[in-house]
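The structure under discussion appears below in the form of structure tokens.
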Number of protein chains: 2
Amino acid sequence: MPPVRRLRSAKATPAALHLTRFLPYRLSVLANTVSHTVAKLYETRFGITIPEWRIIAVLGGGETLSAGDIARRTAMDKVQVSRAISRMLDSALILRESGDTDRRKALLTLTPKALAIYAEIVPMALAYEAELTDALSDEERATLDQLLTRLQARADALAAPAAAETEAEEG
Amino acid sequence: MPPVRRLRSAKATPAALHLTRFLPYRLSVLANTVSHTVAKLYETRFGITIPEWRIIAVLGGGETLSAGDIARRTAMDKVQVSRAISRMLDSALILRESGDTDRRKALLTLTPKALAIYAEIVPMALAYEAELTDALSDEERATLDQLLTRLQARADALAAPAAAETEAEEG
DNA sequence: TTGCAACAGTTTCAAACGAAACTATCTTGT
DNA sequence: ACAAGATAGTTTCGTTTGAAACTGTTGCAA
């Protein structure tokens, strides 16, 4: 029996790693490329940043939310949300009024100006998304959706080393 | 014939957009979660950042490259590479010598210290990747690979609006 | 050759970032 | 009722970032 089968796992090479095949790297590069493109889109057309776009996206239905709600729904941290809101107040995209029952919470609503942007930006966003997945069949799109969902769940689990055993079923 | 079929596309709602279903958003959040986790891994164990890890990854085979080569292979920009190299010189992870034929180019090689990190970090990186794709079948992993490749190609094409028609077949 | 554009890499500057500290408000336990 | 702790949101501080300007080197053209 020849020793051929052991050649690949010889200990001289400590298991090759090609960056371009490494999933974290690939995800980072892809997300970066995409983000950069859409950011430029939003910036040049509406003068808003990605955090501002996300806030517009979650408030675009006309809902009223607190900053904390927004942070949760956009996966941004509260500092980022606070700063984005402050910019949006300056540019009259958002309306802030003190909560009645809880004065710590500020109730946030989009202004008509922001709603107009929303109406215009959503088709653009969807168009970009459509172009991005242009070469994918409907079935592939569904698979992608599924895989991303599962990867995110797994990544979340691996991100919280020991903590939050009980929070696991939050969803 | 009842008007039922027109209800979904009534113009009152300007096409809904749920952030959590929006591909650019999902990619961004996923890549962020993953990056943050591996960054913490590398930082606590070896005291290096992601840019430094990427440089170690491409030089880990023992190859000698210029800063520009590294920038291209890691998809980082030259500023980021320059700064990472400068940090690595300080911590004796990299060796820089002036090019002989072209004195603009600096030839970069890993020190034994960095090679030792490489030997130790690669299994960790692969282990994380394996854990991340734990719940995926071999077939699903292959599909994911394929989909990411195609999305990246498409994203690249959409990122360069009018330019680089001729560069399209560069790979 | 000399001058000029292209290139490699570094530095500068202003913006963006995250962690931690802080202010203000609300909740809970005694 | 009130102190102790939790929560909402802002501010501060040191670091990281990317674009543009800059330095030095090479290649090319007149």
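Remember, it's a predicted structure, so these values are computed and weren't measured experimentally. Letters A, B, ... mirror the listed sequences (proteins, then strands); counts begin at 1.
Partners of A:R72 according to the side chain to side chain donor-acceptor pair (under 3.5 Å) rule, which considers only residues two or more places apart in sequence or in another chain, are A:D69. Applying the side chain to side chain donor-acceptor pair (under 3.5 Å) rule to B:T33 yields the partners A:Q152; only residues at least two apart in sequence or on another chain are considered. Legend: residues meeting side chain to side chain donor-acceptor pair (under 3.5 Å) with A:S28, ordered by chain and number and at least two apart, are B:R54. With sequence neighbours left out, B:E43 forms a salt bridge (charged side-chain N to carboxylate O under 4.0 Å, His left out) with no residue at all. For B:E131, there are no salt bridge (charged side-chain N to carboxylate O under 4.0 Å, His left out) partners at least two apart in sequence or on another chain. Residues forming a salt bridge (charged side-chain N to carboxylate O under 4.0 Å, His left out) with B:R83 (at least two apart in sequence, or on another chain): none. Here A:R103 pairs with nothing under the salt bridge (charged side-chain N to carboxylate O under 4.0 Å, His left out) rule; sequence neighbours left out. Remark: B:Y42 engages B:W53 in a ring-ring contact (aromatic ring centres under 6.0 Å, His included) (not counting sequence neighbours).
Taking a cutoff of 4.0 Å between a charged side-chain nitrogen and a carboxylate oxygen, B:E63 and B:R73 qualify as a salt bridge.
An OP1 or OP2 oxygen of D:dA19 is reached within less than 4.0 angstrom by a side-chain nitrogen or oxygen of A:H36. Here A:R103 does not reach the OP1 or OP2 of C:dT27: none of its side-chain N or O atoms lies under 4.0 Å away.
Remark on DNA chain C: of its neighbouring residues B:L108 and A:D102, the 5'-side contact belongs to B:L108, judged by nearest-heavy-atom nucleotide. Between A:A106 and A:N32, the residue whose closest nucleotide on DNA chain D is further toward the 5' end is A:A106.
The nearest whole Å value for the distance from the CZ atom in A:R96 to the P atom in D:dA8 is 16 Å. Put simply, NZ on B:K105 is 11 Å from P on D:dT26, counting in whole angstrom units. Residue B:R104 contributes atom CZ, which lies 9 Å from atom P of C:dG9 at whole-angstrom precision.
Of all the residues in residues 72-95 of chain A, A:K78, A:V79, A:S82, A:R83 reach under 4.0 Å from DNA chain D with at least one non-hydrogen atom. Across residues 42-67 of chain A, not one residue has a non-hydrogen atom less than 4.0 Å from an atom of DNA chain C.
Using a 4.0 Å heavy-atom criterion, one finds that A:T101 contacts the sugar-phosphate atoms exclusively.
For residues 86-98 of chain A, the pairs satisfying salt bridge (Lys or Arg N to Asp or Glu O under 4.0 Å) are A:E52-A:R87, with sequence neighbours left out.
Side-chain contact of B:T149 with A:R26: a donor-acceptor pair under 3.5 Å is present, judged by distance alone.
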I'd like a list of close polar pairs between nucleotides 2-5 of chain C and the protein, N/O only, cut-off under 3.5 Å.
none

